[in-house]
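For this chain, numbers begin at 1 and follow the sequence in order. Whatever order the structure lists them in is the order used to number ligands and atoms, beginning at 1. Given the structure is predicted, the values throughout are model-derived calculations rather than measurements.
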Amino acid sequence: MLKALLTSLDPAAVAAGHDLADAVRIDGVTLSRSDLVGAGTSVAERVARARRVAILATPTATTVLAVTGCLIAGVPFVPVPADVGATERAHLLSDSGAQAWLGEVPADNEGLPHIPVRMHARSWHRYAEPNPESVAMIMYTSGTTGLPKGVTITRRAIAADIDALAQAWEWTDSDTLVHGLPLFHVHGLVLGLLGSLRIGNRFVHTGKPTPQAYAEAGGTLYFGVPTVWSRIAADTEAARALSSARLLVSGSAALPSPVFEDLVRLTGHAPIERYGSTETLITISTRIDGERRPGWVGLPLAGVQTRLVDETGEPVPHDGESIGQLQIKSPTNFSGYLNRPDATAEAFDADGWFRTGDVAVIDAGGMHRIVGRESVDLIKSGGYRIGAGEIETVLLGHPGVREVAVVGVPDDDLGQRIVAFVVGDAEPQQLIDFVAEQLSAHKRPREVRMVDSLPRNAMGKLLKKQLAQWH
Ligand code: MCA
Ligand code: AMP
């Protein structure tokens, strides 16, 4: 028999006494394993005949049960950002072909029917484990230009990733995993929630990932993006409370070395750093029993191959200094961008290596350091991946904007902060709100600078690096 993706929710085992009263705690609600099986299966019965559904991924028990139900029934779902705006929402729904909202519905439902999640409904129907090659979810992520692309992620990729991480971190069912990250990205949803439901550990979602909430959660295993860790490191009392944890894990963006060192000093733990992407899931990590070097993200996980190449595709030496383009071949890789065979073909080479778009170095011992992105048009802010082109297109739709260039500038708190340089006659705050309403609140520029003109070369091409320096 196939091993279930959500191993800890095996109905027979739960019925035979392998229950856990507090398997998931979120938004003031506690769900036992048998709640997750019973209510999740009831959701599965409601969605079983849908081809694809959208889930407004707020950090709530409703979202947890909606996701669980889809995975039990084998219905692919689209996690929609909780703070999504109008343009992005319309794109996600039309591109994905979602047929209904499952769980919560946004104020504007885009004309789709609603399938409610009933917290207290129970079903004990037994579903066969869906094919591991089938798509579990379609997660939207930004590219350098255009609207976000749907990344199709299979059940096999998710299972392989969680198992490889469990090995690297000695993650077991005796852990209590804590985070306060969004449930519409890989970090919070795939690793945090699905990881817990596969491994069988307790999972606590803190709501907002504040230092105080992390300190009070009493976990053994904590996940955070660098912004979360830097805020914790700045709060001595909260940081000290984490000394009783087993492992602090940082990912989604580069962890600044001073934050790493502060965490060592205040918590007694050198954080685990790991690297990944929506397309590949997590592929590289430092190990519980290995070196944890500030600024370095570790070794490839079991089953993952990495390589560094130059612009002509030739190998770059692993000498700890030479910089190359990072490519990945892994059982955790996605199976393509939805409706975008062109983008899928561009992302892989003929031998199936995925071009990450990141540049990196590898040392003689196989340790990896991520140096940055190849393109200035992909911004990482607070751990969110945001395409400059997507924001520029929206701003150009505002009547007060004639020309625009969006860049990421270094920011102590967010890693990068989104700044829009605008030629036109709009009010900066109006433009910030406009982006928050059309895309997602987290994609809004933190600053809009009205300028007379934008720097361009003789060919009229925007000089974005110069703009970031102007700042
Ligand atoms: C202010 N706000 C506004 C506006 N101005 N909202 C709408 N329009 C405006 N004009 C409000 C928001 O409503 C919100 O209010 C408040 O500002 C805070 O928002 P923000 O400033 O964005 O939050 P933050 O505190 O700066 O966020 C920091 C954060 C967040 C919590 C670290 O960036 C975050 O959750 N990051 C995680 C991203 C992540 O999970 N990435 C993983 C990608 P209120 O709060 O009152 O509602 S997966 C990945 O990268 C790979 C696979 C990997 O390796 O993991
Ligand atoms: P996303 O698709 O949101 O998962 O973003 C993936 C990108 O985040 C990667 O291609 C990297 O640029 C960046 N990233 C993820 N983890 C790390 C890390 N530990 N250090 C540096 N960059 C990272």
Student: My understanding is that we take every heavy atom of each candidate and find the minimum distance to atom 55 (O) of ligand 1. Doing that for S252, G85, G188, which one comes out nearest?
Tutor: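 Among S252, G85, G188, the closest heavy atom to atom 55 (O) of ligand 1 belongs to S252.
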Student: Would you check whether G382 has a nitrogen or oxygen atom less than 3.5 angstrom from a nitrogen or oxygen atom of ligand 1?
Tutor: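 Yes: some nitrogen or oxygen of G382 is under 3.5 Å from one in ligand 1.
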Student: Quick one: which of T278, I328, V371, T283 has a heavy atom closest to atom 4 (O) of ligand 2?
Tutor: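 Checking each option, the heavy atom nearest atom 4 (O) of ligand 2 is found in T278.
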Student: Please check if a non-hydrogen protein atom sits closer than 4.0 Å to atom 25 (O) of ligand 1.
Tutor: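 For atom 25 (O) of ligand 1 the answer is yes, since some protein heavy atom falls inside 4.0 Å.
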Student: In this structure, does ligand 1 have an atom that sits under 4.0 Å from one of the heavy atoms of R385?
Tutor: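 Flag not set, R385 not near ligand 1.
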Student: Purely on distance, is any nitrogen or oxygen of T278 under 3.5 Å from one on ligand 1?
Tutor: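 No.
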Student: Given R444, H442, R446, which has its nearest heavy atom closest to atom 18 (C) of ligand 1?
Tutor: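 Heavy atom nearest to atom 18 (C) of ligand 1 belongs to R444.
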Student: Please say whether R231 places an N or O atom under 3.5 Å from an N or O atom belonging to ligand 1.
Tutor: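 Yes; at least one N/O pair falls below 3.5 Å.
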Student: Which residue holds the protein heavy atom closest to atom 15 (O) of ligand 1, what is that atom called, and what is the gap in Å?
Tutor: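 Its nearest protein heavy-atom neighbour is K208 NZ, 4.7 Å.
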Student: When only distance counts, is S381 in polar contact with ligand 1, meaning an N/O pair under 3.5 Å?
Tutor: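 Not met; the criterion fails.
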Student: Output yes when the distance from some N or O of ligand 2 to some N or O of S277 is under 3.5 Å, and no in every other case.
Tutor: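 N/O-N/O distance below 3.5 Å does not exist for this pair.
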Student: Are any of the N/O atoms in G383 less than 3.5 Å from those in ligand 1?
Tutor: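 Yes.
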Student: D358 and side chain to side chain donor-acceptor pair (under 3.5 Å): which partner among Q327, R373, Q325?
Tutor: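 Result: among Q327, R373, Q325, R373 is the only option passing the side chain to side chain donor-acceptor pair (under 3.5 Å) with D358.
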Student: So, is D433 polar-close to ligand 1, with some N/O to N/O distance under 3.5 Å?
Tutor: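 Yes.
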Student: For atom 15 (C) of ligand 2, tell me which residue out of G415, S252, G251 has the closest non-hydrogen atom.
Tutor: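 Among G415, S252, G251, the closest heavy atom to atom 15 (C) of ligand 2 comes from S252.
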Student: Is the shortest distance from a heavy atom of G357 to ligand 2 less than 4.0 Å?
Tutor: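 Heavy atoms of G357 never come under 4.0 Å of ligand 2.
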Student: Between ligand 2 and R373, is the shortest N or O to N or O distance under 3.5 Å?
Tutor: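 Yes, at least one N or O pair falls under 3.5 Å.
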Student: Which residue and atom name correspond to the protein heavy atom nearest atom 30 (C) of ligand 1, and how close is it?
Tutor: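 For atom 30 (C) of ligand 1, the nearest protein heavy atom comes out as Y384 CE1, 3.8 Å.
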Student: Ignoring angles and geometry beyond distance, decide whether E273 reaches within less than 3.5 Å of ligand 2 through its nitrogen or oxygen atoms.
Tutor: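 No, there is no polar N/O contact under 3.5 Å.
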Student: Using heavy atoms and a threshold below 4.0 Å, how should the contact between S250 and ligand 2 be classified: side chain, backbone, both, or neither?
Tutor: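 Within the 4.0 Å criterion, S250 makes no contact with ligand 2.
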Student: Please write down residue, atom name and distance for the protein heavy atom closest to atom 8 (N) of ligand 1.
Tutor: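 Heavy-atom neighbour on the protein nearest atom 8 (N) of ligand 1: A436 CB, 3.3 Å.
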Student: Return the residue, atom name and 0.1 Å-rounded distance of the protein heavy atom closest to atom 6 (N) of ligand 1.
Tutor: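 The protein heavy atom lying closest is A441 CB, 3.8 Å.
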Student: With heavy atoms of T141 as the reference, note each atom of ligand 2 found under 4.0 Å away.
Tutor: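 That gives atoms 2 (O) of ligand 2.
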Student: Might you confirm whether atom CZ of R307 has over 12 heavy atoms from other residues, nucleotides or ligands at distances under 6.0 Å?
Tutor: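 More than 12 within 6.0 Å, yes.
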Student: Looking at Q212, I'd like to know if its CD atom is crowded, meaning that more than 12 non-hydrogen atoms belonging to other residues, nucleotides or ligands lie closer than 6.0 Å.
Tutor: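 Open.
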Student: Quick check: K380 and ligand 1, any N/O pair under 3.5 Å apart?
Tutor: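 Yes, K380 has an N/O under 3.5 Å of an N/O on ligand 1.
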Student: Should R385 be counted as touching ligand 2, given the test is an N or O pair under 3.5 Å?
Tutor: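 Among all N and O atoms of R385, at least one is under 3.5 Å from an N or O of ligand 2.
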Student: Using a strict 4.0 Å cut-off to heavy atoms of V297, name the atoms of ligand 2 that fall inside it.
Tutor: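 Checking each atom against V297, I get 19 (N).
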